[in-house]
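Have a look at the structure below before the remarks.
So you know, we letter chains A, B, ... as the sequences are listed, proteins then strands, and number each from 1.
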Amino acid sequence: MDRFKKIDVKVLSPEVRKCNFEEVCLGYSEEEAVLEANRCLLCKKPACVQGCPVSIDIPGFIAKIKEGDLDKAGEIVFDSSTLPAICGRVCPQESQCEGKCVLNKKGDPVSIGKLERFIADYTNINNSLKIRKNPSKGLKVAVVGSGPSGLSCAGELAKAGYDVTIFEALHKPGGVLEYGIPEFRLPKDKVVKKEIQNLKNLGVKIETDVIIGRTITVDSLMKDEDFKAVYLASGAGLPKFMGIPGENLNGVFSANEVLTRANLMKAFRDDYDTPVFVGKKVIVVGGGNVAMDAARTALRFGAEVHVVYRRGLEELPARVEEVHHAQEEGVIFNVLCNPLEIIGSEDGWVKAVKCIRMELGEPDSSGRRRPQEIEDSEFIIEADSVIMSLGTSPNPIINKNTKGLQLNKWECIDAEDVSGKTSIEGVFAGGDAVTGAATVILAMGAGKNSAAAIDKYLTDKYLTK
Amino acid sequence: MFEIKKHKILSPGISLYEVYAPRVANTAEPGQFVIVRIHEKGERIPLTICDYNREAGTVSIVVQAVGRSTFQMVKLEKGDNFLDFAGPLGQPSELIEESDEELKNKKILFIGGGVGAAPVYPQIKWLSDKGIKADMILGARSKEQLILKEDIKKTTNNLWLCTNDGSKGETGFVTDVMRRLKQSNEMNYDLIVVIGPMIMMKSVSELSLEYGIKTIASLNTLMVDGTGMCGACRVTVGNETKFTCVDGPEFNAHLVDFNEAMRRQMIFKTEEGKDLLKTQKETEEHNCSCQQA
Ligand SMILES: Cc1cc2nc3c(=O)[nH]c(=O)nc-3n(C[C@H](O)[C@H](O)[C@H](O)COP(=O)(O)OP(=O)(O)OC[C@H]3O[C@@H](n4cnc5c(N)ncnc54)[C@H](O)[C@@H]3O)c2cc1C
Ligand code: FES
């Protein structure tokens, strides 16, 4: 076999999958996983590990797959990551571990993400993970928000022996994993529910329908309910709009609204009550993972979908695999253009979008080339609906209703690097609520780091004589 | 699960439920709302809080059967459960920020239309508990829909009733009562708080603007999460886009773009209508088989 060519992973064909919500990527079989693992050079100084935000011992677990010791391989992955079945599916591997793989110089990098997914699924299906848990420390910790950051922090603290309760505003735990990322990319029952069950098995309690800052405040959690520390992981879910004319017409939605209706409320199933509207022709504005998810969801509801993005194809911030899948499924990309106005019909529904062509100028502070308008290049695209996917800012409720909690100029929670300490004693924060919209793995890593800081804080304060 | 401790049918198709939700009861304030779900496949439905009892740990809500989900909901009875009961959400009424002194010097008129009477109730009760009795106009299509009038009577000073068909109180709309009060020089209020169907709030707001009286309206927009995550609830207030669930639900009525708000309420109407028919049909069929059994 060719060492420089990766083992292709099986996927549902575009014709089949664009009509359903089944998971697109089918993952490796054991045989395929071993073949792919055999391509790994097991570098002495592995660059891939440096590319991993939670430093999984990548050559370590791949070596065990080669040897056929899958239980041990699973143990190694779960040692560093709380949610590997999820990360294997949604991490931007091309810019992390796989981006650093030495094989890139000669050919395809090792498919680390697909191997991680394989081994995590194997471990979850066979329940082969031995949980090591410290004896109870008799101290209560509250975690606010049940996205990847809250889940990983809760898991680590529970393992360390704390009595952990997660408070979640929505009726289901999981954060973006449940309401945002679609079923066809991250199956809810098979993967998300399973990872959450792992936490419950560790003794983590989850209270849904509790909005911290409204139902009960952080202050009251600590004073009245005896929580000795609190970890804030409330995410960045507040959708941004462009502020252009026509944005409140009927038929203009945020990506979060469409995705929440489809994922959390299961509007794609006839037996669920929540409605969703996408129309026959949809314009999705934006180019990130959220835009791709919204576009491919709208496609599955039967619409013709156009993505409008102000930079070029090369600059799309979404994961490469998602863009590729979207193209295969028939999503049309109108790049280097930007909406100026949404035009409505007499009765107030979306009729068309007026756009302008863009070109890339000098690089801006982020190093990306700044898009600028080309004069007199306006044009009109007809559409029944528009889905805005321009990014999100931190969830507002907790930030506005927690006395003494300092925010930074982006309205994110101001927290110390690594530890996640905030301006309130005993209160820590991490994930999107601190960084603004980022990635699952970074949110998870922050939760893990804060768990260590919380453990240290509580040990110093209550457990050392 | 949140148990229904008390159930009262206020009128055909309108039910009051007292629900055991101690966390919500503990922090609920007048003007706020909850989001409820009745079963695993149901929608998240926003309902304004109608009353709360911190000691008993209960929160009361009033539901009118208008869509598929509310039709299912009004079939619940004492001892049944709400699957989800999340809240309190939204900003509390502005009134609770004011000092007793300020409130005593204020002449307030509440206007409730239809089930809008329910969310008005905690506000007048809250004032009445402080010894302040406000006035109120309560309107409905016909006398059956004039809900909670006994409770409201006890907690208000003047209570004017009106019905469109004249079956109780004055004949006409709440705005007709406003006009009559204006004519007899009794329209001397510092503040109007109006809750009811969007079209009614719009009419009241237009008239009160003419009379120069500050007016607060509580908007019942579409919602999904109720926590500021989706923007389904956005409204234009004074040329700015606001999210009703976190910035509201109460806004300065004179700044609200009611035409847009009414139009946005209709987004899923056609589908909702279809669903409603489906539910009604199912219910009829269900009744048949039950009678046989
Ligand atoms: C559609 C979509 C697709 C994405 N795709 C990818 C991808 O492919 N790869 C990737 O790495 N990243 C992706 N991301 C980003 C990633 O999901 C986030 O960075 C990550 O989920 C952040 O985790 P978190 O735990 O900080 O917050 P979240 O996952 O946002 O969780 C926050 C939770 O807190 C709850 N909450 C908020 N306020 C309160 C309160 N006051 N009280 C109680 N609970 C509260 C919320 O309801 C929510 O459940 C995507 C995001 C979206 C929206
Ligand atoms: S209901 Fe979703 S943002 Fe208000």
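A donor-acceptor contact closer than 3.5 angstrom is absent between the side chains of N248(A) and R264(B).
Using a 4.5 Å cut-off on side-chain heavy atoms (C-beta onward), P275(A) and E43(B) make contact. In this structure the side chain of I267(B) reaches within 4.5 angstrom of the side chain of F253(A), judged on heavy atoms. Side-chain contact between D273(A) and H39(B): present, with at least one pair of heavy atoms (C-beta onward) separated by less than 4.5 Å.
When each of V224(B), V24(B), D225(B) is checked for heavy-atom pairs under 4.5 Å with chain A, V224(B) comes out on top.
A side-chain hydrogen bond (donor to acceptor under 3.5 Å, both in side chains) check over residues 383-393 of chain A, counting only residues at least two apart or in different chains, returns nothing.
Closest approach of R214(A) and P92(B) over heavy atoms only: NH1-CD, 4.2 Å.
For L83(B), the part sitting under 4.5 Å from any heavy atom of chain A is the backbone (N, CA, C, O) and nothing else. Looking at R234(B), the atoms closer than 4.5 Å to chain A (heavy atoms on both sides) all sit in the side chain, from C-beta outward. For F243(B), the part sitting under 4.5 Å from any heavy atom of chain A is the side chain, from C-beta outward, and nothing else. Neither the backbone nor the side chain of E29(B) comes within contact range of chain A; no heavy atom of the residue lies under 4.5 Å from a heavy atom of that chain.
Although no hydrogens or angles enter the test, the distance criterion places a donor-acceptor pair under 3.5 Å between the side chain of T27(B) and the main chain of T215(A).
Residues passing the ring-ring contact (aromatic ring centres under 6.0 Å, His included) test with F258(B), sequence neighbours excluded: none.
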